[in-house]
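Let me begin by presenting the structure, written as structure tokens, before commenting on it.
Naming convention: chains lettered A, B, ... in sequence-line order (proteins, then strands); numbering from 1 in each chain. Just so it is clear, the structure is predicted and the values come from calculations on it, not from any experiment.
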Amino acid sequence: MKYWLFKSEENEYPITQLKKDKTEFWDGVRNYQARNFMWKEMEKGDRALFYHSNAKIPGIVGVAEVYKEAAPDPTQFIKKSKYYDPKSSTEKPRWYAVELKYRKTFQEKISLETLKTMSALKESRLLMKGNRLSVMPIQKAEFKAILKKAGLSATELKKELG
DNA sequence: GCCAACGTTGGC
DNA sequence: GCCAACGTTGGC
């Protein structure tokens, strides 16, 4: 079981939408590192923190899981799509994405400001300067510390940790 | 809306 | 393979 963090712009695709949709194919990622995490490393059942970026108060708002392992992102083939990539082909797709499944919304958002105060996250990739990755790995201990901060009960914590 | 910090592209 | 120009991300 691996742990991840997915960023989503709050005004584009908030967690409330994922909750409604239940599952969502995470298309539109056009960064090789982020793609490789999804394509090469993610497995069904992996847990993911859901982060709202470009929000008034950016922060982690809940938990999702990898529901389906990576498949070619169809938007790369659609000329009219803003995610269209003329250098990609169906024979050799360039972009892959996983499907996420909603799990849980925190009672309260854990703001970026709060995250910065957590000693468990001192080494975290999320807080590293200039980090712009929209999909990134999270250490199990970091994931756990965040769930604790979110006020999950021992039972819930165990369930979300998997 | 600004801008720092990247990542990508393409000419050479 | 270098690097300038350009595009994007995301906090503020």
Side-chain angles (χ1 to χ4, degrees), chain A residues 2-21 23-42 46-66 70-100 102-139 141-143 145-151:
Chain A
K2 292 203 185 87
Y3 302 91
W4 308 95
L5 180 137
F6 282 71
K7 288 184 193 168
S8 188
E9 293 193 31
E10 190 172 35
N11 55 2
E12 293 278 328
Y13 195 84
I15 195 162
T16 46
Q17 190 61 45
L18 180 64
K19 188 176 183 178
K20 272 186 217 152
D21 293 341
T23 66
E24 173 74 3
F25 184 70
W26 211 251
D27 60 16
V29 172
R30 293 294 178 268
N31 171 287
Y32 288 104
Q33 246 187 306
R35 177 204 67 178
N36 288 344
F37 287 138
M38 289 200 285
W39 189 17
K40 314 277 189 187
E41 297 196 38
M42 284 189 197
D46 281 1
R47 300 295 201 259
L49 296 167
F50 201 91
Y51 180 95
H52 281 174
S53 64
N54 271 324
K56 203 166 175 191
I57 301 170
I60 297 170
V61 290
V63 184
E65 73 175 69
V66 175
D73 177 349
T75 61
Q76 68 195 307
F77 310 125
I78 302 168
K79 276 212 170 105
K80 275 190 272 179
S81 168
K82 66 171 175 173
Y83 299 125
Y84 176 64
D85 185 348
K87 288 181 182 165
S88 188
S89 66
T90 46
E91 296 77 35
K92 228 184 161 192
R94 184 182 273 204
W95 304 108
Y96 284 75
V98 296
E99 188 168 336
L100 286 184
Y102 174 82
R103 284 190 66 85
K104 174 177 222 38
T105 304
F106 294 156
Q107 297 278 343
E108 240 181 283
K109 172 193 289 178
I110 307 177
S111 68
L112 179 59
E113 202 184 350
T114 302
L115 293 170
K116 284 176 180 166
T117 67
M118 293 172 61
S119 56
L121 299 182
K122 269 210 184 90
E123 309 285 316
S124 175
R125 191 163 193 154
L126 175 64
L127 300 179
M128 287 217 276
K129 196 177 173 183
N131 174 33
R132 299 178 350 188
L133 269 183
S134 63
V135 176
M136 72 184 81
I138 293 283
Q139 301 297 317
E142 296 170 350
F143 191 88
I146 289 164
L147 294 186
K148 267 195 179 162
K149 196 80 181 174

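The distance from atom CG of A:L133 to atom P of B:dG7 is 8 Å, rounded to the nearest whole Å. Spacing between atom CG of A:N31 and atom P of C:dG7 amounts to 18 Å, rounded to whole angstrom units. If you take CD1 of A:I60 and P of C:dG11, they are 11 Å apart, rounded to a whole angstrom. Here C:dT8 presents its P atom at 13 Å from CG of A:D85, a figure rounded to the nearest Å. In this structure, A:K109 places its NZ atom 13 Å from C1' of C:dG11, rounding to the nearest Å. Remark: P of C:dT9 and NZ of A:K82 are 8 Å apart, rounded to the nearest angstrom. Look at CG on A:L5: it is 10 Å from P on C:dG10, rounded to the nearest Å.
For the helix from B:dG1-C:dC12 to B:dC12-C:dG1, the end axes, each set by the C1' atoms of five terminal pairs, are bent relative to each other by 10° (nearest 10°).
Here the closest non-hydrogen pair linking A:K92 and A:S88 is O-OG, 3.9 Å. Here the shortest heavy-atom pairing between A:Y96 and A:M38 reads O-CE, 3.5 Å. The minimum heavy-atom distance between A:E41 and A:D46, with the atom names listed, is O-OD2, 4.0 Å.
The shortest distance between side-chain heavy atoms of A:P58 and A:H52 does not fall below 4.5 Å.
More than 12 non-hydrogen atoms from other residues, nucleotides or ligands lie less than 6.0 angstrom from CD1 of A:I78. No more than 12 heavy-atom neighbours from other residues, nucleotides or ligands sit within 6.0 angstrom of NZ on A:K19. Other residues, nucleotides and ligands contribute only 12 or fewer heavy atoms inside 6.0 Å of the CD atom of A:Q139. Residue A:Q17 places its CD atom among more than 12 non-hydrogen atoms of other residues, nucleotides or ligands, all under 6.0 Å distant.
Among residue pairs with one or both ends in residues 29-38 of chain A, those qualifying as side-chain hydrogen bond (donor to acceptor under 3.5 Å, both in side chains) are A:R30-A:D73, A:R30-A:T75, A:Y32-A:R94; sequence neighbours excluded.
The side-chain contact (heavy atoms from CB on, under 4.5 Å) test with A:L126 is passed by exactly one of A:L133, A:I60, A:L121: A:I60. Shown are A:I15, A:I110, A:L112; of these, the side-chain contact (heavy atoms from CB on, under 4.5 Å) with A:Y51 is made only by A:L112.
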Mind listing the N/O atom pairs, protein and nucleotides 1-5 of chain B, below 3.5 Å?
unit_1, atom_1, unit_2, atom_2, d
B:dA5, OP1, A:K129, NZ, 3.1
B:dA5, N1, A:R132, NH1, 3.4
B:dA5, N3, A:R132, NH1, 2.8

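The side chain of A:K7 contributes an N or O atom lying less than 4.0 Å from OP1 or OP2 of C:dG10. Look at A:Y83 and you won't find any side-chain N or O under 4.0 angstrom from OP1 or OP2 of C:dT8.
Of all the residues in residues 110-127 of chain A, A:L112, A:K116 reach under 4.0 Å from DNA chain C with at least one non-hydrogen atom. In the region residues 86-100 of chain A, proximity to DNA chain C at under 4.0 angstrom, judged on heavy atoms, holds for none of the residues.
When distances are taken from the side chain of A:Q33 to each of C:dG11, B:dG7, B:dT8, the shortest belongs to B:dG7.
With sequence neighbours excluded, no residue forms a side-chain hydrogen bond (donor to acceptor under 3.5 Å, both in side chains) with A:K149.
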**Prompt:** Step by step, would you call A:M136 with A:M128 a side-chain contact (heavy atoms from CB on, under 4.5 Å)?
**Reply:** CA-CA 12 Å; A:M136 72 184 81; A:M128 287 217 276; over 6 Å; no

**Asked** How far apart are the C-alpha atoms of A:D21 and A:Y13, what are their side-chain angles, what is the distance that settles it, and do they pass the side-chain contact (heavy atoms from CB on, under 4.5 Å) test?
**Response** CA-CA 11 Å; A:D21 293 341; A:Y13 195 84; 2.7 Å; yes

